[in-house]
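These values consider heavy atoms only, across backbone and side chains, with no hydrogens, waters or symmetry-generated copies. Letters go in sequence order (proteins before strands), and every chain restarts at 1.
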Amino acid sequence: MDIKYKTETIGEKVYIDDIDINLENTLFSGQAFRWKHDGKGFFGVCFGEAIRVEKQGNRMMIENCNAEFFENKMAHYFDLCKDYSEITKGFEFDEILNASFEFAPGIRVLNQEPFETLISFIISANNNIKRIRLIIENISKNFGQKKEYNGQEFFSFPSVEELSKATEADLAACGAGYRAPYIVDTVSKLADGFDLEAIGNMPYLEARKKLCELKGVGKKVADCVLLYSMGFTNAFPLDVWIKRVVHNIYGFESEKDEEILGFVEDTFGEHAGIAQQYLFYYVKQNKLGIK
DNA sequence: ACCCAGGGTGACG
DNA sequence: CGTCACCATGGG
């Protein structure tokens, strides 16, 4: 169900009118790791470019972005074609999701770059968000390209080729810990022809299975990559917080991942992953579902 | 000192 | 098929 947004381009700024996105909740709900607060807005690095975004009332501004870059990249990055009001309306039967919407409205599930998302979520295993952000920043500083925007220095996330130069010791020095060899192995497979782009066109289960061939990628990490970078809105990452919610709030008893996923699919349907993002942020911020 | 963090791997039944 | 110790690091 595509929606048509209205835009206006002024120089290197694109404005999108009447868009129901909350940038704070979207960029800090644990799906992306490189965005920072920047005055009234946010500064990030997407597709190797510095991007600044800001909400001005119901209008969203994307800075350092012309009309072409917007249509080719950023509109999809922010998932602007999708009608979120229709999707969230489909979840209103659920009390906990309603509470999630009230706590943090306007979350959109991003379509990030697959390689960066893959490496980011390999790092995420048994880790915390603050340290995940730090490690990704260190990797970008050491293996990405140094660039500048408005006198502000920033680093692109490295390409497969650039990250191929990193040794286990290099990545350990970035703070990756025991995940360093996983990253080296995965990057070498990608450099050796493993086709990450092709996975986006596969059926969900096949795509997930393929991703799990990579070191450091299990079902949860695969689901994060599928949901946050490849548009699989049915992918439902099962992390410790979400599992606690399913058990202790929804009252679903089975501990088996595949049975939990069956339950959430039956409950939330084809866009379950979007429900997951709202739930995750809500329960984590409020420390709900513990014990 | 112990437990936890957006888990996964490999070994062992 | 399931279980489980272990993994590097920093914060509570």
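Nucleic acid contact for A:Leu227: none, since no nucleic acid atom lies under 4.0 Å from a heavy atom of the residue. Within the 4.0 angstrom heavy-atom criterion, no nucleotide atom of any strand lies near A:Phe33.
Look at A:Glu206 and A:Lys209 and you find no salt bridge, because none of the NZ, NE, NH1 or NH2 atoms lies under 4.0 Å from a carboxylate O. Using a 4.0 Å cut-off between charged nitrogen and carboxylate oxygen, A:Glu153 and A:Lys146 count as a salt-bridge pair. Checked for salt-bridge contact, A:Asp257 and A:Lys243 meet the test: a charged N lies under 4.0 Å from a carboxylate O. The residues A:Asp192 and A:Lys189 are annotated as not salt-bridged, no charged nitrogen and carboxylate oxygen being separated by less than 4.0 angstrom. Taking a cutoff of 4.0 Å between a charged side-chain nitrogen and a carboxylate oxygen, A:Arg108 and A:Asp20 qualify as a salt bridge.
Here B:dG8 presents its P atom at 9 Å from CG of A:Asp223, a figure rounded to the nearest Å. For the pair A:Arg131 CZ and B:dG7 C1', the interatomic distance rounds to 14 Å; values are reported in whole Å. Rounded to whole Å, the distance from CZ on A:Phe121 to C1' on B:dG7 is 12 Å. Going from atom CD of A:Gln285 over to atom C1' of B:dA5 covers 14 Å, rounded to whole Å. Atom CD1 of A:Ile132 is separated from atom C1' of B:dA5 by 8 Å (rounded to the nearest Å). Taking atom CG of residue A:Asp257 and atom C1' of nucleotide C:dT3, one finds them 14 Å apart after rounding to whole Å. Between the NZ atom of A:Lys243 and the P atom of B:dG8 there is a distance of 8 Å, rounded to whole Å. Computed from coordinates, the A:Asn127 CG to C:dG11 P distance equals 12 Å when rounded to whole Å.
Each of C:dA8, B:dG6, B:dT9 was ranked by its minimum atom distance to the side chain of A:Ile242; first place goes to B:dG6. Residue A:Arg244 has its side chain nearest to B:dA5 when only B:dA5, C:dA8, B:dG6 are considered. Ranking C:dA8, B:dG8, B:dG10 by closeness to the A:Lys215 side chain, first place goes to B:dG10. Comparing B:dA5, C:dT9, B:dG8 against the side chain of A:Trp241 picks out B:dA5 as the nearest. Of the listed nucleotides (B:dG8, C:dG2, B:dG6), B:dG6 has the atom at the smallest distance from the side chain of A:Gln277. Set against B:dG6, B:dT9, C:dT9, the side chain of A:Tyr182 has B:dT9 as its closest nucleotide. You'll find that the side chain of A:Lys256 is closest to C:dG2, out of B:dG6, C:dG2, B:dA5.
Both A:Cys212 and A:Lys130 lie near DNA chain B, and the one whose nearest nucleotide falls closer to the 5' end is A:Lys130. The residue among A:Ser29 and A:Gly216 whose nearest nucleotide of DNA chain B lies closer to the 5′ end is A:Ser29.
Considering only side-chain N and O atoms, A:Lys287 lies nowhere under 4.0 angstrom from the phosphate OP1 or OP2 of B:dC4. An OP1 or OP2 oxygen of B:dG6 is reached within less than 4.0 angstrom by a side-chain nitrogen or oxygen of A:Lys284.
Ring-to-base geometry places A:Phe280 in a stacked arrangement with B:dG6 (centre distance under 5.5 Å, plane angle under 30°).
Aromatic pair A:Phe154/A:Tyr149: centroids not less than 6.0 angstrom apart.
When both distances must be under 3.5 Å, the Watson-Crick or G-U wobble mate of C:dC6 is B:dG8.
Nucleotides B:dC4 and C:dA8 are separated by 14 Å at their C1' atoms, to the nearest Å. With P as the reference atom, B:dG6 and C:dC6 are 24 Å apart, rounded to whole Å. With both ends at atom P, the span from B:dC2 to C:dA5 equals 16 Å, rounded to whole Å. C:dC7 sits 16 Å from B:dC3 when the C1' atoms are compared, rounded to a whole Å.
Taking only distance into account, the side chain of A:Glu255 never meets the base of C:dG2 through a donor-acceptor pair shorter than 3.5 Å. One N or O donor and one acceptor, one from the side chain of A:Tyr178 and one from the base of B:dG7, sit under 3.5 Å apart.
Between A:Phe268 and A:Phe91, the ring planes lie perpendicular to each other; the angle is over 60°, past the 30° to 60° tilted range.
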